[in-house]
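First up is the structure itself, then whatever we jot down about it.
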Amino acid sequence: MPERAAPRNTDAERDALYRRASEAHGRELARFVAGYERDAARRKELLQEVHAALWQSLAGFRGECSLRTWAFRVAHNVGATHVQRSLRM
């Protein structure tokens, strides 16, 4: 049985999901990101990266987990990549 392509959210749906996630979990995400970066300026940039990655990822969000779980998974992945990059430098 061939796999079906994952449904893609429209830009309007993605924008609405992002607004919902950002309003509901934005402060939590900011605290979460603080665990990955000590420097205030770099932490701010990392938080922006998290928000950009979250918005991009919501195109493929199918609701198989909560929006909170999705947002924190994205934040963790961005944070882990940030730490790996920092260690290489």
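The residues of the chain are indexed from 1 along the displayed sequence.
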- prompt: Going from CZ on Arg14 to CG on Asn9, what distance comes out if it is rounded to the nearest 0.5 angstrom?
  reply: 8.5 Å
field: Partner of Leu58 by side chain to side chain contact (heavy atoms under 4.5 Å, CB included), out of Asp15, Asp11, Leu17
entry: Leu17
task: Please report the shortest heavy-atom distance between Leu29 and Ala71, naming the atom on each side.
output: CD2-O, 4.0 Å
Nearest-0.5 Å distance that lies between atom CZ in Arg73 and atom CG in Leu54: 12.5 Å
message: Tell me if the CZ atom of Arg27 is crowded by more than 12 foreign heavy atoms within 6.0 Å.
response: no
Expected output: side-chain Thr69 to main-chain Cys65 donor-acceptor under 3.5 Å: no
field: pair Leu47-Arg43: side-chain heavy atoms closer than 4.5 Å
entry: no
message: Could you report the tightest heavy-atom contact between Leu67 and Arg20, atom names first, then the distance?
response: CD2-NH2, 3.7 Å
message: So Ser86 and Arg42, do their side chains get closer than 4.5 Å, heavy atoms only?
response: yes
- prompt: Looking at His76 versus Phe32, is the centre-to-centre ring distance below 6.0 Å?
  reply: no
field: Ionic contact status for Glu49 with Arg85, cut-off 4.0 Å
entry: yes
field: Side chains of Tyr36 and Val78 in contact at under 4.5 Å (non-hydrogen atoms)
entry: no
message: Do the side chains of Lys44 and Glu37 get close enough for a salt bridge, i.e. N-O under 4.0 angstrom?
response: no
- line: Result for side chain to side chain donor-acceptor pair (under 3.5 Å) between Tyr18 and one of His51, Glu23, Gln56 points to His51
- prompt: If every non-hydrogen atom of Gly60 is compared with every non-hydrogen atom of Trp70, which pair is closest and at what distance?
  reply: O-CH2, 4.3 Å
- prompt: Between CH2 of Trp55 and CZ of Arg19, what distance do you get to the nearest 0.5 Å?
  reply: 11.5 Å
